[in-house]
Asks: 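The structure under discussion is supplied below as structure tokens; questions concerning it will follow.
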There are 2 protein chains.
Amino acid sequence: MSATAEAAAPASAKARAILEAAAELFITQGYGAVSMDAVARRAGVSKATLYAHFGAKDRLFAAIIQNACAEMRGETPEMGPAGASLFDAMLPMAIRWLSFLLRERSLGMFRVVVAEGARFPELARAFHENGPRATRQWLTGWLAAQAARGLLDAPDPALAADQCLALLRSEMFLQATLGIGAMPDEAAIAASAAAAMRTFCRAYERPRGA
Amino acid sequence: MSATAEAAAPASAKARAILEAAAELFITQGYGAVSMDAVARRAGVSKATLYAHFGAKDRLFAAIIQNACAEMRGETPEMGPAGASLFDAMLPMAIRWLSFLLRERSLGMFRVVVAEGARFPELARAFHENGPRATRQWLTGWLAAQAARGLLDAPDPALAADQCLALLRSEMFLQATLGIGAMPDEAAIAASAAAAMRTFCRAYERPRGA
DNA sequence: TGCAAACTAGACTGTACAGTTCAGTTTACC
DNA sequence: GGTAAACTGAACTGTACAGTCTAGTTTGCA
């Protein structure tokens, strides 16, 4: 077991090709189902090269997850126009975030981390910190700011953020995670996000005359 | 691939021992990490017997999931006293349900179904129907009844049920699923469930004077 | 008591796969 | 043009494991 990460930025073109091919395979098929031969074949690279860059299968897997985590950090959401109502401000970010969660790549990543969390606990932690936790932290700050402006009645902004994100991660996300039913289209995603935000705002928006 | 279920009730004592041992192993370690030798050893049974009862590894796996699904169906929640407030009625069921979700066995089951959902789509579906979907259906009915009694303002009870369950499946459940952090104790679970129900009621409870 | 079915231990087959090795080729760079 | 490093292809080793087979033992039942 040697699942510590490589440098986030892969040096050579070959290394990048390997990372990309391996990410594709691991994320769609899972760790156990992917052979190193398959990775080498897909990357258009010899096995020797593969092993020269990443010394072992678990190291390659770790590098992929770390890499994906770095990408996730780039995905900071944005908020709607400042003067708008709470709902109007939150809806676009809710749609964006739910769309991100429902991308095949995000779902695959989540699945593989859940599946291999026991074998690679530090990867599960890294995933959580760079994904869910980072989003939560960002949203907590934003909600606290809205509370300070009097738009929101949230004595515990971190809890409110949790619940906001939980509302978005509802039945639709559960089904997608399990690979059940058709992938929801844009309209369905928007509708689900809107329903979540409507409920969130009903619970948390400060009444007009308070 | 032959992942159709055995009869739900295993006939002989040996078959039951195999199912139990295999469930323990598959659910804690995942499908790929468990060898048939290990199952036979743990069940105190020869490999020949194992193969006599369940013809192949995937069939054994299917039988286990089907079996666990049948158990889940037994776990129908109960509601608090009828005359109580919405919150008081819902809190006990919320705590019970969240406790159930956070049991090692439930988490392991969820993990393994998520991990193997691509390989065994019909099992993912069975899991969903007997677990999340059954709960959702039951809760939808209950919420519709409360809405009819005027306690609740939920024009779409199924959506309300989704959101109620999503609120319970929040950060605490996510972390537990990823195997991160200490397992929450009873008090933490109760607090999380209460927070979820408070938010749910704030969004959905019909105002007193309406 | 005797038979049939269930069971056992463990050896065996075949295959898939992680990881290594090596002789030879390409590429980059001075 | 020379050389060092990166790379290739393919063969190779060792191991883990699914599934089979056999020869013999236990158990349930008439």
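Only a predicted model underlies this, so the values are computations on that prediction, with no experimental measurement involved.
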Asks: Pairs under 3.5 angstrom, nitrogen or oxygen only, protein versus nucleotides 23-28 of chain D, please.
Replies:
none

Asks: What pairs of residues pass the side chain to side chain donor-acceptor pair (under 3.5 Å) test when at least one of them lies in residues 156-184 of chain A, not counting sequence neighbours?
Replies: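 Residue pairs with at least one partner in residues 156-184 of chain A: A:R136-A:D162, A:Q163-A:Y204, A:Q163-B:T199, A:E171-A:Q175, A:E171-B:H128.
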Asks: So which heavy atom on B:V45 is nearest to which on B:L50, and how close?
Replies: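 Shortest heavy-atom separation between B:V45 and B:L50 comes out as CG1-N, 4.0 Å.
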Asks: A quick test of your reading: do over 12 heavy atoms of other residues, nucleotides or ligands sit less than 6.0 Å from CD of A:E20?
Replies: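 Atom CD in A:E20 is not packed in, count stays at 12 or less.
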Asks: Between protein and nucleotides 3-9 of chain D, what N or O pairs are separated by less than 3.5 Å?
Replies:
unit_1, atom_1, unit_2, atom_2, d
D:dC7, OP2, A:H53, NE2, 3.0
D:dT8, OP1, A:K14, NZ, 3.2
D:dT8, OP2, A:S46, N, 2.9
D:dT8, OP2, A:S46, OG, 3.3
D:dT8, OP2, A:T49, OG1, 2.5

Asks: If you look at every heavy atom in A:S46 and A:A40, which pair is closest and at what distance?
Replies: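 The answer is C-CB, 4.2 Å.
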Asks: Are any side-chain N or O atoms of B:T140 and backbone N or O atoms of B:A161, one a donor and one an acceptor, separated by less than 3.5 Å?
Replies: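 No; judged by distance alone, with no hydrogens or angles, the pair does not exist.
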Asks: Taking only residues two or more places apart in sequence, or in another chain, which ones meet B:V112 in a side-chain contact (heavy atoms from CB on, under 4.5 Å)?
Replies: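 Expected list: B:F61, B:I65, B:E116.
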Asks: Quick one: does NZ or CZ of A:K57 land under 6.0 Å from the six-membered ring centre of A:F26, within 45 degrees of the ring axis?
Replies: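 No, A:K57 does not sit over the ring of A:F26.
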Asks: So B:L168 and B:F200, do their side chains get closer than 4.5 Å, heavy atoms only?
Replies: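 B:F200 does not reach B:L168 side chain to side chain.
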Asks: Expressed as a whole number of angstroms, how long is the span from B:L60:CG to D:dG19:P?
Replies: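 Rounding to the nearest Å, CG of B:L60 and P of D:dG19 are 10 Å apart.
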Asks: Treating A:S99 as the side-chain partner and A:I95 as the backbone partner, does any N or O pair qualify as donor plus acceptor under 3.5 Å?
Replies: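 Confirmed, A:S99 side chain pairs with A:I95 backbone.
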Asks: For DNA chain C, find the residues of residues 28-35 of chain B with a heavy-atom distance under 4.0 Å and give them by number; none if there aren't any.
Replies: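 Going residue by residue through residues 28-35 of chain B, none turns out to have a heavy atom under 4.0 Å of DNA chain C.
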Asks: Kindly give the heavy-atom pair with the smallest separation between B:A23 and B:R105, and that separation in Å.
Replies: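 Minimum heavy-atom contact is CB-NH2, 3.7 Å.
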Asks: Would one find more than 12 heavy atoms of other residues, nucleotides or ligands at under 6.0 Å from atom CD of B:E129?
Replies: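 Yes, enclosed.
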Asks: Reading DNA chain C 5' to 3', which nucleotide is the first, and which the last, to come under 4.0 Å of any heavy atom in chain A?
Replies: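 On DNA chain C, the outermost contacted nucleotides are C:dC17 to C:dT21.
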Asks: What distance do A:M90 atom CE and A:R198 atom CZ have between them, rounded to the nearest 0.5 Å?
Replies: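 CZ of A:R198 is found 13.5 Å from CE of A:M90.
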